[in-house]
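What follows is a single structure, written as structure tokens, with notes after it.
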Amino acid sequence: MKQHLTHLIEEALDSLVKQGLLSSSLASIQIEATKDHQHGDFACNIALMLAKSVKQKPQDFAAKIVAAMPASPYVEKIAIAGPGFINFFLSTQSVGEVVKRIHAERNQFGRCAIGRKKRVLVEFVSSNPTGPLHVGHGRHAAFGNIVCHLLDAIGFDVASEYYVNDAGRQIDILTVSVWLRYLNALGESVPFPANAYRGEYVVTIAETIKKEHNASFAVSSQSIFTDLPKDENEGGDKELYIDAVIERAKQLLGAKYQLLLDRGLASILADIENDLTEFGVTFDRWFSEREFIATGVVDALLQKLMLSGHTYELEGATWFRSTNFGDEKDRVLVRSNGVRTYFANDIAYHLSKFERGFDLAVDIFGADHHGYVERMRGAITASGIDSERLIYLLTQFVSLYRSGKPVSMSTRAGDFVTLRELRQEVGNDAARFFYVMRKVNQHIDFDLDLAKSQSNDNPIYYVQYAYARICSVLKQLEARGLQYNEENGLANLHCLEEIHERQLLNLLARYPETIVEAAVHYEPQILTQYLRDVAACFHAYYNAHSFLVEVVSVRDARLALVLALRQVLQNGFEILGIHARESM
RNA sequence: GCGCCCGUAGCUCAGUCGGAUAGAGCAUCGGCCUUCUAAGCCGAGGGUCAGAGGUUCGAAUCCUCUCGGGCGCGCCA
């Protein structure tokens, strides 16, 4: 419809050019849906934009445009209002057309092909496998998953990946944490390092290992702790101390150290994957940093960067001159001890994404990584790849509120809330909806009481209830022994003349552009907001009018409308990954 | 100190490409159930869009500065 109206304006402008009233019709014509129904269904601001160049009052020029416009079967009335807007009032018949379209396209309604099958890789969560996911990761999971669905809906070829950071020092810390808890479970009395992972899950893993392997990882407490530096609580450095414990563990366990490491890692990854799967979030690939390094392609990929002339040697280390790309200081790629940094491996990983044929790489990270973005983009540019192809989306933090008070989530105190606990408390649907209801770069105050409440205050119940109510109407139809005739409904759309019906029809027509808007900006909250609007419109309609009226033509037309709405709700829910419930 | 993000009603937040009188919900107050679910609807009050300049037909939206809040500034990951 927008296209049609744009075309009408174009013809009017062309005609004015021919009359010599306008020098050029080259203007970007903006047609927008009105906010207020008194302004008709669509409005155009073209007269306001061109008024200056033709040296006329916008209202006068608008009148000339309207006079030059060809007649259209869809347009019932055209009015000039306000400072010079041209308002289009459509016929009931043409507004109702959207219902036919929805009935024809079903679950395809709202999908389009503007992504042109371009390949996009979305990387998200990528949480270090050192413990269970917490509520912050949940936001990444929900957001990333929904961004994938949105991009798919507009015709991108989407793949998702979880980068498993299983090669670094923190895995060693996990391993000794598990080991010390294991020794504890065997009855050894061992001090627990200040910098080790203190969570209860470590104890659980240790106990499992004890059951599986008995005492095969046992050593005497004395052999571990002789001649170690002081830990933090003894006035020492916790970093130096934990590194010394790691070294000692490797010495004492030999080849068995790797066994222990693998066991702990596998256990945590399994937990993470299980948690995400239950949450409805799956990945096309779990990309292991360790395996990636083992293939040997990391050095080959980094060669691109090395050959760019943007790297140099200093004090035994290899540096990337990221200051050439706006970074505040240069960054180390290879440490003086010969070990590559996380950054170097990550550059190789990102280069591999483009090497593997992806046109676009979308990374979803926490806002605490923002300092990292610039140097990665620099490295990509230096390697000869257009950094426009790398998109970073940074999420802000999530705070939980219960009874109006913030829930303490200090990791140190061991009382941080896991994603699993949150899901169990409020349910997957509410968690997903609440996570993406806010702009990604805005802090979330997650109200647990609200997410659980079964009331109109709760947005997730509000939208699901709209769906359930429509289902309920259909059950009622059956209970009264009535039949719905779709063909008759679609033939009588001109009966939908109530103001609520007009508003609902216009909203339904906006669903496809809402999806495009949400997808291209990576903003799912545009969709959640739309669903809340459409639900509010429906509830008002429901309250104002009966659907199951005596007059068959009106009844069938109304049912055709609410069934179209049900389809749109279902399509939106599908993208959000929430359930369409038939009853509440 | 430097960099990034944020600041909209008492509270939590919408506000599309710069458009018409800045909108919802909660809370407060007042209505609506012989009815397809009242888990809902309708109405009232409530605003210096943090502040000051600028850009223009028009600014919550774009630019500059100031104030306030969050985050980041490792040969960690």
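Labels below follow one simple rule: chain letters A, B, ... track the order of the sequence lines, proteins then strands, and each chain is numbered from 1. Computed from a predicted structure; not experimentally measured.
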So, A/R438 and A/H443: side-chain donor and acceptor under 3.5 Å apart, yes or no?
no

Closest to the side chain of A/R480, out of B/C36, B/U12, B/C41, is B/C36

NA contact type, A/R555, heavy-atom cut-off 4.0 Å: base, sugar-phosphate, or nothing?
nothing

Mind calculating the distance between NE2 (A/H539) and P (B/A24) to the nearest angstrom?
16 Å

Between A/T34 and A/R335, the residue closer to the 5' end of RNA chain B by nearest nucleotide is A/T34

Using a heavy-atom cut-off of under 4.0 Å over every strand shown, decide if A/A43 touches base, sugar-phosphate, or nothing.
base

Please give, in whole Å, the distance from B/C36 C1' to A/Y484 OH?
16 Å

Is it true that A/E239 and A/R169 have a side-chain N and a carboxylate O under 4.0 angstrom from each other?
yes

Under 4.0 angstrom, heavy atoms only, what part of the nucleic acid is A/Y372 near: base, sugar-phosphate, or nothing?
base

Rounded to whole Å, the CZ-P distance (A/R532 to B/A24) equals 13 Å

Span that lies between the P atom of B/G15 and that of B/G53, in whole angstrom:
28 Å

Counting only side-chain heavy atoms from C-beta out, which of B/A77, B/C41, B/C13 sits nearest to A/N165?
B/A77

Starting at atom CD1 of A/I470, determine the distance to atom P of B/C36, rounded to an integer number of angstrom.
17 Å

Write down the distance separating the P atoms in B/G23 and B/G45, rounded off to the nearest Å.
13 Å

Starting at atom CG of A/N441, determine the distance to atom P of B/C71, rounded to an integer number of angstrom.
16 Å

Base, sugar-phosphate or nothing for A/E315? Non-hydrogen atoms, less than 4.0 Å.
base

Taking syn as within 90° of 0 and anti otherwise, name the glycosidic form of B/C6.
anti

How many whole angstroms separate atom OH of A/Y541 from atom P of B/A38?
16 Å

Considering only heavy atoms and no angle criterion, is a donor-acceptor pair shorter than 3.5 Å present between the side chain of A/S336 and the base of B/C75?
yes

Among B/C57, B/C6, B/A77, which is the nearest nucleotide to the side chain of A/M49?
B/C57

Which nucleotide, B/C4, B/A77, B/C36, lies nearest any side-chain atom of A/H370?
B/C4

Give me the distance, rounded to whole Å, that separates B/C71 from B/G30 when you measure between the C1' atoms they each carry.
46 Å

Stacking of A/F85 on B/A20 base (centres under 5.5 Å, planes under 30°)
yes

Contact class for A/Q396 (heavy atom, under 4.0 Å): base, sugar-phosphate, or nothing?
sugar-phosphate

Please classify the nucleic acid contact of A/H545 as base, sugar-phosphate, or nothing, using heavy-atom distances under 4.0 Å.
base

Side-chain donor/acceptor of A/D327 to backbone N/O of A/E374, under 3.5 Å:
no

Please classify the nucleic acid contact of A/R375 as base, sugar-phosphate, or nothing, using heavy-atom distances under 4.0 Å.
base

Decide, for B/C17, between syn and anti: a glycosidic angle within 90° of 0 counts as syn, anything else as anti.
syn

Separation of atom CZ in A/F547 from atom C1' in B/U35, rounded to whole Å
12 Å

Less than 4.0 angstrom between a side-chain N/O of A/K439 and OP1 or OP2 of B/G15, yes or no?
yes

Euclidean distance for P, B/C4 against B/U64 (whole angstrom)
10 Å

Pick the P atom in B/A60 and in B/A9, then give their distance to the nearest Å.
14 Å

Are A/D41 and A/R502 close enough, and set up right, to give a salt bridge (charged side-chain N to carboxylate O under 4.0 Å, His left out), and what steps lead you there?
CA-CA 9 Å; A/D41 300 296; A/R502 172 62 72 105; 2.7 Å; yes

Assign A/K475 to base, sugar-phosphate, or nothing according to its heavy-atom contacts below 4.0 angstrom with the strands shown.
nothing

Identity of whatever pairs with B/G43 - Watson-Crick or G-U, under 3.5 angstrom:
B/C29

Can we say A/K353 and A/E161 salt-bridge, meaning some charged N sits less than 4.0 Å from an Asp/Glu carboxylate O?
no

Considering only B/C75, B/C17, B/A14, which nucleotide approaches the side chain of A/E517 most closely?
B/C17

Any strand is fair game: report the nucleotide pairing with B/C71 by Watson-Crick or G-U wobble, both distances under 3.5 Å, or none.
B/G3

I'd like to know if the side chain of A/E313 pairs up with that of A/T318 as donor and acceptor (distance under 3.5 Å, no hydrogens or angles considered).
yes

Distance-only donor-acceptor test, A/N87 side-chain atoms vs B/A20 base atoms, 3.5 Å
yes

Checking side-chain polar atoms at under 3.5 Å, does A/E123 have a donor or acceptor matched by the opposite partner on A/Y162?
no

Can you identify which nucleotide, out of B/C17, B/C6, B/G72, has its nearest atom closest to the A/D368 side chain?
B/G72

Identify the nucleotide, in any strand shown, that forms a Watson-Crick or G-U wobble pair with B/A38, with both distances under 3.5 Å; if there is none, say none.
none

Would you mind telling me which of B/A77, B/C75, B/C13 lies closest to the side-chain atoms of A/R438?
B/C13

Closer than 4.0 Å, any side-chain N/O of A/R340 to the OP1 or OP2 of B/A77?
no

Sugar-phosphate only, base, or nothing, as touched by A/T514 at under 4.0 Å among non-hydrogen atoms:
nothing

Where the side chain of A/E328 is concerned, which of B/C73, B/A77, B/A20 is the nearest nucleotide?
B/C73

With C1' as the reference atom in both, quote the distance from B/U66 to B/G43 in angstrom, rounded to an integer.
42 Å

Applying the 5.5 Å / 30° rule, does A/H39 stack onto the base of B/A20?
yes

Are OP1 or OP2 of B/G7 and a side-chain N or O of A/Q442 less than 4.0 angstrom apart?
yes

Please check if any side-chain donor atom of A/E232 sits under 3.5 Å from a side-chain acceptor atom of A/N195, or the reverse.
no

Just call it for A/A540: base, sugar-phosphate, or nothing, with non-hydrogen atoms closer than 4.0 Å on any strand.
sugar-phosphate

At 4.0 Å (heavy atoms only), tell me whether A/D445 reaches a base, stays on the sugar-phosphate, or touches nothing.
sugar-phosphate

Under 3.5 Å, side chain of A/Y435 to main-chain N/O of A/V135, donor-acceptor pair present?
yes

Could you identify the nucleotide paired to B/A22, looking across every strand shown and requiring Watson-Crick or G-U wobble geometry with both distances under 3.5 Å?
none

How far, in whole Å, is B/U34 from B/A38 if one measures between their P atoms?
12 Å

Rounded to the nearest angstrom, tell me the gap between atom OH in A/Y401 and atom C1' in B/C11.
11 Å

Going by purine N1 to pyrimidine N3 plus the second Watson-Crick contact, or the G-U wobble pair, all under 3.5 Å, which nucleotide sits opposite B/G53?
B/C63

Would you mind classifying the nucleic acid contact of A/H521 as base, sugar-phosphate or nothing, using non-hydrogen atoms under 4.0 angstrom?
sugar-phosphate

Could you tell me if A/Y372 and A/D346 have a donor-acceptor pair between their side chains, going purely by distance under 3.5 Å?
yes

From B/A77, B/A20, B/C36, nucleotide with atom closest to A/Q476 side chain:
B/C36

Provide the distance between the two C1' atoms, one in B/U28 and one in B/G69, to the nearest whole Å.
29 Å

Out of B/C36, B/A77, B/C41, which has the shortest distance to the side chain of A/Y342?
B/A77

